[in-house]
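Worksheet: one structure, shown below.
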Amino acid sequence: MMMKKTLAAIFVSSSFIAGVAGSCFAQAPTQHVAKAQLPNVCILATGGTIAGSAASNTQMTGYKAGAIGIQTLLNAVPEIHKVANVQGEQISNIGSESMTHEIWLKLAKRVNELLAKPDVDAVVITHGTDTLEETAYFLNLVTKSDKPVILIGAMHPATAISADGSVNILNAVNLAASKDAKGRGVMIAMNDVINGARDVQKTNTLRVDTFQSPELGYLGYFENGRPVFYKATTRKHTKDTEFDVSELKDLPRVDIIYSHVNDDGKMAEAAVANGAKGVVHAGTGNGSIHENAEAALYDAAKKGIVVVRAARVPNGPTIESTEAWDKAGFVHAGTLNPQKARILLQLGLTKTNDPAKIAEMFGKY
Ligand code: ASP
């Protein structure tokens, strides 16, 4: 019986083309003849473990993330060409722990440019898992199209015996090609489940089932590779948001301050001194603030810095408070975790620094 080529084998045999990147649907495909009846899907690669290479096939950590180019990743999954005309493009090749605003804006602008073309039907983005939930939520708020945008990553490097990247690529292309995927906001397709960008979190440092939407749940599953939806988000996204990054060169500075025993507000003071336009306070419990840190945050608010109360507790909403915090104009984050509250606050600050208007956004998105 012929052995099916694994991603690791392809990596070894075709590393000479690693890093070669085309430009999606700018030219006719070189290896696969486009079929008119199939949707056109562009894969934008940014790096991460899905493009990671280790010294041995048993190594699951300590590898180099972002080592393999998009073409090599796609060569490992020839099955994708049965469901879509797929072309790849390299945006960056980094470990996502080092994601930047610059790459975000480049990615978002490219996604919008591609989806505005009548002959592009969907975009899949390969990404490291560390900040995947942040990039997904950012794109969920700034993509101006209802065509599918799907993010994937992998927990095991491409060279591992149990590499999970290939099946995630196949599932993502199946989802991108599905008529059901339109209008659902940005999605994450990993480990046979479909998560929505707003509610998904990386919940485990090592395991392949790391992406979960605790409490609010998955949008659906892959049943034998076929995407099946069971629910939809009620929060506004993509073309129904007020955010537009087309002219932006950077995003406003927003710092996250993680509260703890003996918090004295010095981190809040440092954020203000460093020019933060907003602060997300990752508070204890239901977004509580240490009494010794309150003065620094009130001071920040008086200077026009928007303070959002989020929680360092992984589940449950941060709701309004009867304390003086609300009276000082602090906004509560709802079910957004601190890193996602930071993104909504950054985008909100591109429109206004009125805490009441920012609070409305936290009720909507
Ligand atoms: N550090 C890697 C990254 O985020 C981890 C991963 O992709 O799983 O790029």
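Numbers here are sequence positions counted from 1. One-based numbering, in listed order, for ligands and for the atoms of each.
Side-chain polar atoms of Ser246 and Asp244 form a donor-acceptor pair below 3.5 angstrom. Using a 3.5 Å distance cut-off with no hydrogens or angles, the side chains of Asn292 and Asp264 do not pair a donor with an acceptor.
If you check which protein heavy atom lies closest to atom 9 (O) of ligand 1, you get Ser96 N, 2.7 Å. Among protein heavy atoms, the minimum distance from atom 8 (O) of ligand 1 is reached at Thr129 OG1, 2.4 Å. When hydrogens are left out, the protein atom nearest atom 5 (C) of ligand 1 is Thr49 OG1, 3.2 Å; that is the closest non-hydrogen contact.
Close contacts between ligand 1 and Gly48 involve ligand atoms 7 (O), 9 (O) [criterion: under 4.0 Å to a heavy atom].
Looking at Glu97 next to ligand 1, an N or O pair under 3.5 Å apart turns up. Between Gly95 and ligand 1, a contact under 3.5 Å exists for no N or O pair.
Taken to the nearest 0.5 Å, the CE atom of Met155 stands 4.5 Å off from the OG1 atom of Thr129.
In this structure, Asp121 has no side chain to side chain donor-acceptor pair (under 3.5 Å) partners at least two apart in sequence or on a different chain.
Heavy atoms only, all atoms of each residue included: His101 and Asp250 are closest at ND1-OD1, 3.0 Å.
At a 4.0 Å cut-off, not a single heavy atom of Gly52 sits close enough to ligand 1 to count as contact.
At a threshold of 4.0 Å, the pair Glu269-Lys266 counts as salt-bridged, since one of the basic side-chain nitrogens sits closer than that to a carboxylate oxygen.
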